[in-house]
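Remember, it's a predicted structure, so these values are computed and weren't measured experimentally.
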Amino acid sequence: MKKRKIIFLMQEGEDISSFLGYIKDMQNLFKKEVLFFILKKKSFSEIFETYLLASTLAEEGAQDLALEELKGISSKTKNFIKELLAQLKLISLENYEILIVNEDLFKEVKRLLDKEFRVELFIISPEVNRRLFSKSKGLKRLIEEFSAPFITLIPKTP
């Protein structure tokens with residue numbers, strides 16, 4: 001039986017600190033692991049190098065080891081992951097994974113779904129919502145591919 005997870009789609013470099021409490025609430029409500037999909041433009045070879053990073057990052061206390069495995073990734077990406085891990089620790093979020101994926105989101109998610117797990121809930125960050133789903137085709141394709149509830153977040157206003 002495939003594990004059920006909550007997927008949070010976000011763009012590398014995006015500030016999601018104001019949404020982390022909500023993500024934790026959804027995890028508590030659904031009682032499922034959260035999978036952070038960080039969208040990044042990458043070459044095909046870079047994707048393979050970082051793909052297995054998710055399980056390492058999910059282990060508590062293995063952040064330094066995970067960052068050592070990221071040697072092939074830019075310092076910008078390393079710093080972003082360090083910051084995200086620090087934020088997740090601050091809110092005491094447990095039971096999560098982090099995956100860095102290329103811009104072909106549909107292909108990546110579909111491949112993982114076919115092999116590993118089912119999606120309980122999609123949460124889409126404001127930046128991903130703006131970039132990937134500004135055209136109706138993007139959102140329509142996602143809805144057709146995956147039968148799960150979707151929540152799209154919007155930036156908080158002052």
Side-chain angles (χ1 to χ4, degrees), residues 1-40 42 47-63 65-67 69-70 73 77 80-133 136-156:
M1 184 175 187
K2 294 181 182 180
K3 285 180 78 174
R4 298 177 75 88
K5 297 185 182 192
I6 296 170
I7 292 182
F8 181 73
L9 304 175
M10 64 183 291
Q11 184 69 43
E12 180 187 18
E14 184 175 12
D15 179 16
I16 61 160
S17 57
S18 61
F19 301 109
L20 289 176
Y22 179 76
I23 292 167
K24 185 174 181 175
D25 289 344
M26 291 295 102
Q27 183 182 51
N28 291 336
L29 178 66
F30 284 88
K31 304 209 182 318
K32 303 295 176 202
E33 182 177 36
V34 176
L35 178 58
F36 290 89
F37 266 100
I38 302 173
L39 302 180
K40 176 178 176 56
K42 295 169 47 168
I47 293 165
F48 280 131
E49 289 176 20
T50 59
Y51 188 76
L52 297 176
L53 176 65
S55 61
T56 305
L57 289 173
E59 294 176 17
E60 195 164 314
Q63 290 86 356
L65 177 61
L67 290 172
E69 292 185 27
L70 287 173
I73 294 179
T77 301
F80 178 72
I81 291 172
K82 275 185 187 179
E83 183 180 314
L84 178 60
L85 289 169
Q87 290 177 354
L88 295 175
K89 188 174 183 175
L90 269 177
I91 66 162
S92 302
L93 187 72
E94 296 177 3
N95 201 17
Y96 64 87
E97 290 182 62
I98 298 173
L99 283 178
I100 300 170
V101 298
N102 68 355
E103 289 290 329
D104 193 351
L105 169 69
F106 301 104
K107 185 177 176 182
E108 295 280 340
V109 174
K110 183 127 178 85
R111 190 178 63 72
L112 283 172
L113 287 176
D114 289 342
K115 290 184 177 182
E116 299 181 27
F117 60 87
R118 293 188 47 169
V119 177
E120 186 78 18
L121 173 68
F122 273 101
I123 303 174
I124 302 169
S125 75
E127 186 62 25
V128 172
N129 189 32
R130 185 184 68 74
R131 286 189 63 234
L132 296 179
F133 307 121
S136 61
K137 277 185 174 181
L139 186 56
K140 182 180 178 185
R141 182 174 174 199
L142 192 65
I143 291 170
E144 287 172 352
E145 292 279 344
F146 311 108
S147 59
F150 289 87
I151 295 174
T152 56
L153 302 174
I154 58 170
K156 291 192 175 189

| message | Using side chain to side chain contact (heavy atoms under 4.5 Å, CB included), reason through Tyr96 and Leu85 one step at a time and then give a plain yes or no. | response | CA-CA 10 Å; Tyr96 64 87; Leu85 289 169; 3.5 Å; yes
Steps toward side chain to side chain contact (heavy atoms under 4.5 Å, CB included) verdict (Met26, Ile151): CA-CA 11 Å; Met26 291 295 102; Ile151 295 174; 4.2 Å; yes
Any chance you could lay out the side chain to side chain contact (heavy atoms under 4.5 Å, CB included) test for Leu88 and Leu20, step after step, and finish with the verdict? CA-CA 8 Å; Leu88 295 175; Leu20 289 176; 3.9 Å; yes
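The line from OH of Tyr22 to CD1 of Ile91 is 13.5 Å long, rounded to the nearest 0.5 Å. Taking CZ of Arg118 as the start and CD1 of Ile7 as the end, the distance is 12.0 Å to the nearest 0.5 Å. One distance of note links CE of Met10 with CZ of Phe80; it measures 3.0 Å at 0.5 Å rounding. Here CZ of Phe8 is found 4.0 Å from CD1 of Ile23. Values are rounded to the nearest 0.5 Å. A distance of 11.5 Å separates CD of Gln87 from CG of Leu93, quoted to the nearest 0.5 Å. Distance check: Lys31 NZ to Asn95 CG gives 12.0 Å after rounding to the nearest 0.5 Å.
A 4.5 Å side-chain heavy-atom check between Ile123 and Val34 finds every atom pair outside the cut-off. Contact of the Arg130 side chain with the Gln11 side chain is not registered, since no non-hydrogen atoms from C-beta on lie closer than 4.5 Å. Counting heavy atoms from C-beta outward, Phe37 and Val128 have side chains that stay 4.5 Å or more apart. You'll find the side chain of Ile16 reaches within 4.5 Å of the side chain of Leu84, heavy atoms only.
Of the possible donor and acceptor atoms, one in the side chain of Gln27 sits under 3.5 Å from a partner among the backbone N and O of Glu94.
Evaluation of the salt bridge (charged side-chain N to carboxylate O under 4.0 Å, His left out) rule for Glu120 yields Arg4 as partners, not counting sequence neighbours. The side-chain hydrogen bond (donor to acceptor under 3.5 Å, both in side chains) test applied to Ser17 returns Asp15, not counting sequence neighbours.
Across all non-hydrogen atoms, the minimal contact from Val119 to Ala148 is O-CB, 3.6 Å. Between Lys3 and Glu33, the shortest heavy-atom contact is NZ-OE1, 3.7 Å.
Within 6.0 Å of the CD1 atom in Ile154, the count of heavy atoms belonging to other residues, nucleotides or ligands does not exceed 12.
Using bins of under 30°, 30° to 60° and over 60° for the plane-to-plane angle, the ring pair Phe122/Phe150 lands in the parallel bin.
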